Protein chains: 2
Amino acid sequence: MDKTHGRATLHDVARKAGVSIASVSRMVNGQTVRPSLEGRIQDAIEKLNYQANSAGRALRARRTEQICLSVPDISNPVYQSITKGVQLGLEGTNYRMMLAPQVSSAEDVLRQINSLNSNYADGLILLSLVDDTRIKKAVEKLDIPIVTIGNVDINRETDSLKVAPNALDIAVEYLNRKYGSRILFVNGPKETIPGKIRGAGFERAIKNLGIEKTCKSVESKTFSVEGAVEALTSLANLNSYKSVMCANDVIAAGALRYFSSNKIRVPEDVAVMGIDNTDLATILSPSLTTIDYNAIERGKLAAKFLVDRIQNPSAPVKRIEVQPRLVERDSA
Amino acid sequence: MDKTHGRATLHDVARKAGVSIASVSRMVNGQTVRPSLEGRIQDAIEKLNYQANSAGRALRARRTEQICLSVPDISNPVYQSITKGVQLGLEGTNYRMMLAPQVSSAEDVLRQINSLNSNYADGLILLSLVDDTRIKKAVEKLDIPIVTIGNVDINRETDSLKVAPNALDIAVEYLNRKYGSRILFVNGPKETIPGKIRGAGFERAIKNLGIEKTCKSVESKTFSVEGAVEALTSLANLNSYKSVMCANDVIAAGALRYFSSNKIRVPEDVAVMGIDNTDLATILSPSLTTIDYNAIERGKLAAKFLVDRIQNPSAPVKRIEVQPRLVERDSA
DNA sequence: AGCAGAACTGTAAACGTTTACAGTTCTGAG
DNA sequence: CTCAGAACTGTAAACGTTTACAGTTCTGCT
């Protein structure tokens with residue numbers, strides 16, 4: 001049966017089946033094996049409960065069957081959806097997922113990234129991160145395939161998944177049509193990448209519609225409920241706006257909170273709209289009208305792209321732009 | 001500089017520094033090295049940008065410096081908090097985290113568990129999972145350390161983190177004192193482990209207070225907003241209850257949704273209370289009064305316990321019971 | 001200076017795979 | 001039946017580490 005110490009190895013299986021380790025290895029890896037041996041090997045594998053040792057395999061074959069997902073912050077529901085998507089995309093492959101959140105200091109993130117060079121992962125899925133030159137440099141130098149999600153501007157050709165930049169056009173057009181041109185935009189911090197992009201998107205959208213005069217932007221210090229509440233509280237003429245466009249669903253939750261505690265009805269008195277279509281959108285009351293970026297699908301695709309790229313490094317680079325989609329619910 | 005192909009190895013560093021690979025290895029692993037060599041080795045490591053290869057190390061040293069976290073469902077905010085906690089607990093160690101969600105069929109989970117036997121992880125953090133005998137058996141047989149969180153009943157001595165069973169006593173006592181003895185309990189599905197435990201907890205609590213007559217339990221088909229709304233909708237005399245105790249924060253979100261769309265004020269007309277104190281509690285309006293189970297801390301502790309256990313397999317088993325804590329906010 | 005013992009270093013053997021390569025068996029056409 | 005070539009098998013050499021073990025240098029005491 002089992003060896004006295006530890007798990008069965010190829011050698012054990014080979015001995016038991018009376019064949020060479022090469023044959024067992026080939027059998028395990030799905031190559032053709034003489035039918036007369038097949039049965040014996042299969043038997044031995046089952047009797048000994050053989051499972052290939054990952055380290056041995058990784059060392060020799062130079063592939064770990066692991067990929068790493070680096071997300072800015074797992075508390076944000078949109079990253080949770082992406083994580084879930086990646087998991088789904090990995091199903092049916094034999095790749096496992098490491099989760100490397102950028103929770104900590106730039107130094108820690110840097111160390112994380114650099115440690116990828118120790119070959120514990122065959123590829124990296126990277127989400128937009130803090131704008132740190134050292135980190136960017138480190139990422140660019142990594143010698144494993146990368147797939148980027150969102151507007152990650154590193155100087156390296158990677159498969160990427162972006163969202164088409166017209167999300168705010170869709171949103172603003174909708175609010176303008178339904179609630180008129182008094183639209184307030186509550187952005188997240190401008191020093192973040194989404195903050196920049198979504199801010200610019202709003203400006204562009206109102207300019208296109210020629211309603212700059214009647215609209216306004218305010219900035220929440222963080223992408224959080226409290227930040228949004230604070231930003232709205234400090235606003236003088238809030239009640240003159242008919243709709244509030246929020247830079248993401250969490251900020252929209254903050255807006256709902258602010259209005260609910262001030263007895264202002266949504267959407268009767270003021271409409272509220274989010275971006276991301278996270279789980280939050282259906283949990284909140286009223287449920288959130290929002291722009292879907294299809295996070296799960298993006299995660300799934302990213303995983304698939306990465307596995308493809310690992311298996312075929314020289315394939316042409318894929319760049320996908322997913323189309324944002326309006327999801328009407330009760331808040332606007 | 002670099003070798004022509006791939007990354008620098010111990011050999012490369014050793015050759016460049018004019019020492020043996022053993023010395024370099026020892027240096028890398030923090031053992032004492034003659035001061036005269038130290039400088040040269042350090043230099044060579046930096047010049048070649050040497051990073052130890054994980055596979056080689058794992059193969060020889062029989063440790064991967066990876067642990068696996070198996071969670072029932074990453075969409076549930078409480079598991080997100082635990083995940084975050086585990087990440088925090090791992091900070092400062094050199095362990096990485098694999099995330100293995102039990103999203104899929106029992107077969108898939110079983111395969112996941114079994115694949116842990118291929119030694120890609122040094123330990124497992126296991127959260128309460130579906131009650132499948134095969135899976136339990138597989139887990140019990142795993143030859144790596146396990147830390148369990150919650151009421152996982154496997155037949156094996158493990159370090160564990162449970163929540164003291166008096167959470168519902170605290171909650172019911174609070175609601176009874178503040179809103180009277182007409183309390184409705186909205187449980188999750190009884191076939192889940194939390195469903196069973198929390199249901200029993202509620203029954204025990206109202207019995208202790210002698211208010212069984214005026215209270216009632218209903219069951220939501222799933223731990224979701226929609227499930228809760230449905231359960232409440234189908235209830236005849238809902239308006240006779242002064243407070244609604246929910247089996248978790250997501251169900252509480254459903255209750256808030258139901259009441260808000262029926263123009264019933266919370267907490268003026270009816271109080272609502274959740275369990276878990278997830279991020280949701282502060283995102284919802286009104287913010288949720290809930291029972292804190294300290295998910296982040298439990299995750300952190302679980303990670304620390306696991307790393308300790310890996311480093312010292314024969315230490316006495318640790319069983320921690322965390323104390324639930326009432327968090328008063330606006331909903332009750 | 002001599003010497004015992006401490007402190008370090010280098011050699012070489014693993015760890016469990018995959019995979020060139022050479023050797024063997026099988027297949028089917030002549 | 002023979003034999004060329006296809007199809008498979010086994011041997012042995014990696015992959016990059018860690019670590020016993022034996023050999024070397026250092027330290028401090030006599």
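In the text below, chain A, chain B and the rest are named by the order of the sequence lines, each starting its count at 1. Heavy atoms only: backbone and side chains are in, while hydrogens, waters and symmetry mates are out. Please read all numbers here as calculations on a predicted model, not as lab measurements.
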Confirm from the modelled atom types if B:Arg7 and D:dG16 form a donor-acceptor pair under 3.5 Å, side chain to base only. no
Donor/acceptor link under 3.5 angstrom from B:Arg60 side chain onto base of D:dT18: yes
What contact category does A:Leu37 fall into here, base, sugar-phosphate, or nothing, at under 4.0 angstrom with non-hydrogen atoms? sugar-phosphate
Categorize B:Thr32 for me: base, sugar-phosphate, or nothing, with a 4.0 angstrom heavy-atom threshold over every strand shown. sugar-phosphate
Counting only side-chain N and O atoms of [X], is one of them less than 4.0 Å from OP1 or OP2 of [N]?
X	N	answer
A:Ser23	D:dG10	yes
B:Asn53	D:dC15	no
B:Arg57	C:dC15	no
B:Arg62	D:dT17	no
A:Tyr120	D:dG16	no
A:Ser20	D:dT9	no
A:Ser25	C:dT17	no

Among D:dT11, D:dT17, D:dT9, the nucleotide that comes nearest once only the side chain of A:Val33 is considered: D:dT9
Whichever of B:Leu59 and B:Pro35 has the more 5' nearest nucleotide on DNA chain C, that residue is B:Pro35
Pair A:Arg63, A:Glu65 - check salt bridge (charged side-chain N to carboxylate O under 4.0 Å, His left out), show working. CA-CA 6 Å; A:Arg63 89 193 112 84; A:Glu65 313 207 308; 3.3 Å; yes
State, to 0.1 Å, how close B:Arg309 and B:Pro145 come at their nearest heavy-atom pair, and which atoms those are. CG-CB, 3.3 Å
